[in-house]
Amino acid sequence: MVDWNAVLIVTVLCVVMPVAIVAIVFRSRNHEIDRKMDVLLRSVENGQEVDPALFADAKSSKTLKMRLLNRLVWGMVLFMTGAGMLVGAPFVDDPEGLFITGGICAAVGAALLVAFFVGRKWMKPEIESEERQMASRYGKEVEGK
């Protein structure tokens with residue numbers, strides 16, 4: 001006998017919810033582009049200068065160093081969460097779920113930590129170049145140079 005409640009729950013969680021999330025994100029980005037176009041059209045109609053910063057992407061404003069630090073933070077959080085689940089799993093009645101979830105969290109956290117350390121080593125010249133560029137842009141001396 002098929003438990004239709006379980007099938008419905010799994011279908012909603014695995015199919016409907018991701019589709020809804022993608023639709024909401026797409027609609028939000030589309031709305032943001034429409035607002036920028038309105039501002040651009042109004043400024044062109046009025047003969048005003050267009051600010052190039054208007055079209056800069058918020059994600060591109062993050063430096064390489066900030067993206068690497070973000071990996072470090074999420075790697076530590078996920079690894080510690082997974083380790084906590086793995087340590088606490090033997091003390092619950094049904095530990096299989098905690099072992100699986102904890103193992104996945106710890107593995108993803110460890111992968112992010114490895115990505116941080118490898119990325120820091122491989123991208124050192126790019127990070128230094130980016131720091132010099134930002135220092136020259138804002139007229140500051142780069143620390144340690």
Side-chain angles (χ1 to χ4, degrees), residues 3-44 48-145:
D3 183 11
W4 289 105
N5 287 333
V7 171
L8 182 64
I9 290 171
V10 170
T11 304
V12 167
L13 288 177
C14 296
V15 177
V16 176
M17 193 170 72
V19 169
I21 290 171
V22 169
I24 290 170
V25 168
F26 178 75
R27 190 169 179 216
S28 170
R29 287 187 182 161
N30 218 8
H31 181 67
E32 182 179 336
I33 291 170
D34 289 343
R35 285 186 299 153
K36 286 181 182 180
M37 278 305 277
D38 287 343
V39 169
L40 177 66
L41 287 174
R42 286 183 186 157
S43 63
V44 169
Q48 298 174 349
E49 278 190 37
V50 178
D51 185 18
L54 175 69
F55 300 102
D57 192 15
K59 290 182 182 177
S60 66
S61 65
K62 283 188 174 181
T63 63
L64 285 173
K65 197 174 194 178
M66 291 303 296
R67 282 187 255 156
L68 280 174
L69 287 174
N70 195 22
R71 285 187 188 144
L72 175 67
V73 168
W74 279 106
M76 290 175 66
V77 166
L78 285 172
F79 185 77
M80 295 306 291
T81 302
M85 286 182 185
L86 290 174
V87 168
F91 301 109
V92 297
D93 293 335
D94 193 19
E96 290 85 17
L98 270 178
F99 276 127
I100 293 170
T101 307
I104 291 171
C105 283
V108 171
L112 285 171
L113 289 173
V114 168
F116 166 75
F117 288 111
V118 170
R120 184 179 67 171
K121 181 179 177 185
W122 282 1
M123 294 193 174
K124 188 171 185 168
E126 287 90 350
I127 291 172
E128 290 173 353
S129 170
E130 198 172 62
E131 286 176 346
R132 282 193 299 273
Q133 184 182 17
M134 290 193 59
S136 66
R137 185 182 304 160
Y138 298 113
K140 297 179 183 176
E141 185 69 26
V142 178
E143 297 174 16
K145 303 281 185 237

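Start at 1 with the first residue, then count along the sequence. Computed from a predicted model, the values in this text were never measured in an experiment.
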Nearest heavy-atom approach of Val87 to Pro90 is O-CD, 3.2 Å
Is the backbone N or O of Thr63 less than 3.5 Å from a side-chain atom of Glu130, with the two atoms forming a donor-acceptor pair by type? no
Looking only at heavy atoms, which two atoms of Ala106 and Phe79 are closest? And how far apart? O-CD1, 3.4 Å
Donor-acceptor pair, distance only, cut-off 3.5 Å: does the side chain of Thr81 make one with the backbone of Val77? yes
Pair Arg67-Leu64, side-chain contact (heavy atoms from CB on, under 4.5 Å): steps then yes or no: CA-CA 5 Å; Arg67 282 187 255 156; Leu64 285 173; 4.1 Å; yes
Spacing of CD1 belonging to Ile100 relative to CE belonging to Met85, to within rounding of 0.5 Å: 12.0 Å
Only pairs under 3.5 Å count here: list side-chain donor-acceptor contacts from residues 108-127, not counting sequence neighbours, and write none if there are none.
none

So, the side chain of Thr101 versus the backbone of Leu98: is there a donor-acceptor pair under 3.5 Å, distance only? no
Does CD belonging to Gln48 count more than 12 external heavy atoms closer than 6.0 Å? yes
If I compare all heavy atoms of Cys105 with all of Gly82, which pair ends up nearest, and what's the gap? CB-CA, 3.7 Å
For the CG atom of Leu68 and the NZ atom of Lys65, what is their distance to the nearest 0.5 Å? 10.0 Å
Hey, are the side chains of Pro18 and Ile21 touching, using non-hydrogen atoms and a 4.5 Å cut-off? no
